[in-house]
Enquirer: 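Could you have a look at this structure, given as C-alpha cells, before my questions?
Source: prediction; values computed, not measured. Every heavy atom of this structure was used, including side-chain atoms; hydrogens, water molecules and symmetry mates were not.
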Number of protein chains: 4
Amino acid sequence: MKEEQPRRRPGRPKRSETMQPNLLILRTAAMLFMEHGFEKVSLEGVAKACRITKASVYYYFDNKAKLFTECLLFVLKIAYDQTALIMRGPGMLKERLLIVAERHMNNAHVEFETMMREAAPGLSEEQIKQIRDGEAQLHILLSEIFAQAMEEGVITKSDPLLLSHTFTAMMTVRNHKQLLNDQKSVKQASAEIVQLLWNGLQPRS
Amino acid sequence: MKEEQPRRRPGRPKRSETMQPNLLILRTAAMLFMEHGFEKVSLEGVAKACRITKASVYYYFDNKAKLFTECLLFVLKIAYDQTALIMRGPGMLKERLLIVAERHMNNAHVEFETMMREAAPGLSEEQIKQIRDGEAQLHILLSEIFAQAMEEGVITKSDPLLLSHTFTAMMTVRNHKQLLNDQKSVKQASAEIVQLLWNGLQPRS
Amino acid sequence: MKEEQPRRRPGRPKRSETMQPNLLILRTAAMLFMEHGFEKVSLEGVAKACRITKASVYYYFDNKAKLFTECLLFVLKIAYDQTALIMRGPGMLKERLLIVAERHMNNAHVEFETMMREAAPGLSEEQIKQIRDGEAQLHILLSEIFAQAMEEGVITKSDPLLLSHTFTAMMTVRNHKQLLNDQKSVKQASAEIVQLLWNGLQPRS
Amino acid sequence: MKEEQPRRRPGRPKRSETMQPNLLILRTAAMLFMEHGFEKVSLEGVAKACRITKASVYYYFDNKAKLFTECLLFVLKIAYDQTALIMRGPGMLKERLLIVAERHMNNAHVEFETMMREAAPGLSEEQIKQIRDGEAQLHILLSEIFAQAMEEGVITKSDPLLLSHTFTAMMTVRNHKQLLNDQKSVKQASAEIVQLLWNGLQPRS
DNA sequence: AATGAATGAGTGTTCATTCAT
DNA sequence: AATGAATGAACACTCATTCAT
C-alpha cells in the first residue's frame, strides 16, 4: 500500500468504478492469488480482471513480489481482524471455534504454506519476514485464546501454539475435493471437524 | 551452478551406471514435484537434477503431464503400502497412528490438493481420475481401519472418511515452517498432534 | 547473418520510424509465407526480418496460425482487388487475361493449395473457412467474367469455375525453375501460356 | 538405393513382410513426402509407418536429405515409365493425354516445385541437380512427343517444352479441394481440362 | 542387421519487466 | 495517472542425428 488513502466506510464497496485502483488491484489480485497460487497468476491476468492494463498494475506496485506481499498482508489482516472479533467475542469456546472454522472453510483456497513455498524464491528476505510476521500474529492471537482457556480449565492443557497450527491445518480439509462437493456440505464438515477436535477419538467412559 | 561438465555426446551410453534412467527420472521428478509443485518444476530442471538432457526426459515420458501423473501415482503407491503395512500391523491404534504421522510429517511437501489444483488444467480427465483414485484408496484404507475401530469401541463413532481426511490434513502442519524447524522437532510435534486428536480439547472429568 | 546490432532496450520506441509495426509484420510475414510456406517460416525469422523480437510479433498477433491467416487474407484481398480491376477494365478478354497472368507469375510463390495443406493442421476450422472463402471469391470473380464472355460468344462454352481453376493452375508454371530463369522471361512465358489456352492445341483449319 | 537387390518380379508386392526394408522405407517415405511435403514428414513418422525404428531408417539412408532425394527419384522414375508407356503407345494424342492426366490427377499430392523449394535448403547441390534432372527427363519426354506431333501437324506449333510444363501445371487442379471433392469427379475434371487445352477458348468459326 | 538411448538445436508461446509518452 | 509498445528469459515440446551394442 503506497500511501494513506482517505479512509473509506466499512463494508464491501458497491462497484469497481468507485474504488481507488490501488485497492481494486489489491483485492482482485488477493483473490486470484488465494485461489490459484503465486505462479499461476499472471499480472496480465490481474490487470484484465481489473479491467485495466498491465502497465497500470506496475504503476501501483513495483513488481509481482511486492504485489503478492501486499496482497497476503491484506488478507492476513482481514483474517486476523475477523478471527479476533469472533474469538474475543461472547459464547462458548467451542462455538466460537465453529464459527471461525466455518468462515475459513467456506472459501477454498490454496494452502498458505504451499503458496509461500511457491512464491519464496521470488521474494526478498524482508518480504518473507513481513508475511511470516503477519501469519505469526494470527497464530499468536489464537494461541493466547487457547492459553487462557487452558488456564481457566475450559480445555485440556497442551502447547497452545501447536494447537493453533493444528486447528488451522485441519481446515485445509476444505480443499479436499473428493470429500466436500461430493458428499458433505461445508457447514456439516466444519461442524464435524470441530466436534472431532473437541471430543477426541478416545471414548469417554 | 556453473560447473562445466563436458556433456556426453549423443548415442547409447556404455552400459555401466547404477539405476535405470527410467526410475532415476521418476524418483527425482517425484521429489521435485512434491517439494515445489507442478508449475515450478521445469523439465529442464528435472533433467539437470538427473544429469541428463531435457530431450532424454522426453524419451522416457511423453510430456510433463504424463511424468507428473506417474510421479504422483508412484508416490501414492509408496504411501499406500507404507500406511497399510503400519496400520494393519500390530500395536494399539494410537501408536500406529503416531508412526504414520511421524513418517508422513518427516518429508515436508506441497499440500496434495493444492498441487492438484495447480496441475489440473494441464492434465487430461483420465490422468486426474487416476491420481484421484490413487488418493482415494489411501483414504479408503484409513477409513476402513477407523470404521473397524469404531465397531470395536476403540474410538468414538463418527464419519470415518471425514476422520481420515482430517487426520491427513492435520499432518500438513509439517509445512508450517515457523512452528517446526524453529521450535519443535518433528517427532515431538507429531506426538503432540496425535495426542491432541486422541484426547480432544474437552477436559476429562 | 551474424551482424551484431545493439538490440533496442525494452520500452516504447521514440515514435519516429516509418511504417506501423502492425503492417510491417503483416507484409513481411506474408512475403515469407508465400515464399517458403507455413512450416518453414518461424516467428523468430519473421521478427528478425522486421528487425524486432519474437515477443513483439506476439504483441500484435496472437499466434502463428492467426498471423498466417491474416497474411493470407491480406494477400488474397490484394490479389482480388488487382484482378477485379484488370478483369473488369477495358480491353479484349485475352489481353486482360494476359495482364493478370503476367502479374500473377511475376512473384513466384508456394502453390496455394500446397500451403493450405501444410498449414491446415495448425489452423482452426474457422480460420480455414475464412481463407477458403477469400480464395473462393477470387475464383467466383473470374468465373463470372468467363460466364459472361461465354454468353456473349467471346469464348467457347465450358464450366466457367473449372476454367478459372485451370487458368490459375497454369500460372504455377512460374514456380518451374528450370523453365523460367533459365530459358524464358516471365513476360514471354505468360504470353505463350495465354496464347496456348486461347488457341488450344487443335490446329485451326 | 544402397546396392543391387536381387531382382523382384514386377507388380506390387503383397505385403510388407516380404519386402526388403530398403524398398519398404523408400515406398512408404515416398508416399508420405508426396502427400505432406518435406518438412511435415519426420523420420520418426516414416519409421512408424514402416513398423520399424528410426535408427533403422538411418541404417539404410544416410540422412533425411538422402532419403528424400531417393524417394523423389523413385517417384520420378515411375512417373517417367508410366508416362512413356502411355504416350508412346497407340491411340490419338488427345486420348493419350487424357489417360496421363487422369492418372496424374488421381493421387492428389504436394506440388512438385513447392516441395523442392521447401526441401532445397536441406539438400546438397548434387542432390538438387539429380532431382532436377529426373524431373527434366519427364519434361523432355513429353516435349519430344509434342514436338513430333507438331511436325506431323497434329497440333499447332508452339514451344514444346513450355507446353509440357503447362500441361503438368494444369494438373495441379487436383489439389483444389474446393473444386474437386465437392463438385466434380476427378475423371470428369481431367476430361474437361484436356478438352479445354485441346480446343482453346477461342470459338471455332 | 537393427536398435535403444542419448543429444543439440530449434520452435511456438508466455510472462515479468521496462520505458517513452 | 495511465498506457502502448517493446524486450529477454524461460518453458514445453519436436526432430534430425549419433553411437554403443
Enquirer: Among residues 121-129 of chain B, which contact DNA chain F at a heavy-atom distance under 4.0 Å?
Expert: none
Enquirer: Go through the structure and list residues passing salt bridge (charged side-chain N to carboxylate O under 4.0 Å, His left out) with A/Glu113, not counting sequence neighbours.
Expert: A/Arg132
Enquirer: Locate the shortest heavy-atom distance separating C/Arg117 from D/Val110; write the atom from each residue and the value.
Expert: NH1-N, 4.1 Å
Enquirer: Measure NZ/D/Lys48 against C1'/E/dT3 and give the value in whole Å, please.
Expert: 15 Å
Enquirer: Who are the side chain to side chain donor-acceptor pair (under 3.5 Å) partners of B/Lys129, not counting sequence neighbours?
Expert: B/Asp133
Enquirer: Just the rounded figure in Å: distance from C1' of E/dA5 to CG of B/Leu24.
Expert: 14 Å
Enquirer: Can you work out whether C/Ser56 or C/Tyr59 has the more 5'-proximal nearest nucleotide on DNA chain F?
Expert: C/Tyr59
Enquirer: Using atom types as modelled, flag every donor-acceptor pair under 3.5 Å from a side chain in residues 33-46 of chain A to any protein atom, sequence neighbours excluded.
Expert:
unit_1  : atom_1 : unit_2   : atom_2 : d
A/Glu39 : OE2    : B/Lys40  : NZ     : 3.3
A/Lys40 : NZ     : B/Glu118 : O      : 3.3
A/Ser42 : OG     : A/Gly45  : N      : 2.9

Enquirer: Applying side chain to side chain contact (heavy atoms under 4.5 Å, CB included), can you list everything that pairs with C/Ala49, at least two apart in sequence or on another chain?
Expert: C/Thr28, C/Leu32
Enquirer: Between F/dT7, E/dG8, F/dA5, which nucleotide gets closest to the side-chain atoms of C/Tyr60?
Expert: F/dA5
Enquirer: Using the side chain to side chain contact (heavy atoms under 4.5 Å, CB included) criterion, which residues pair with A/Ala55? Sequence neighbours excluded.
Expert: A/Thr53
Enquirer: Rounding to an integer number of Å, can you tell me how far B/Lys66 NZ sits from F/dA12 P?
Expert: 17 Å
Enquirer: Considering residues at least two apart in sequence or located in another chain, which fulfil the side chain to side chain contact (heavy atoms under 4.5 Å, CB included) criterion with C/Phe61?
Expert: C/Asn22, C/Ile25, C/Leu26, C/Leu67, C/Glu70
Enquirer: DNA chain E: stems of at least 3 consecutive Watson-Crick or G-U pairs, cut-off 3.5 Å?
Expert: E:2-21 with F:2-21
Enquirer: What integer distance in Å separates B/Gln20:CD from E/dA5:C1'?
Expert: 13 Å
Enquirer: What string of B, S and - do you get for nucleotides 11-17 of chain E 5' to 3' if you count protein non-hydrogen atoms under 4.0 Å?
Expert: SBBBBBB
Enquirer: Shortest non-hydrogen contact from D/Ala65 to D/Leu123?
Expert: CB-CD2, 3.5 Å
Enquirer: Quick one: list whatever passes side chain to side chain contact (heavy atoms under 4.5 Å, CB included) with C/Gln130, sequence neighbours left out.
Expert: C/Thr69, C/Leu73, C/Glu126
Enquirer: Please name all residues satisfying salt bridge (charged side-chain N to carboxylate O under 4.0 Å, His left out) with B/Arg27, sequence neighbours left out, ordered by chain then number.
Expert: none
Enquirer: Tell me: CG of B/Leu67 to P of F/dA12, nearest whole Å?
Expert: 10 Å
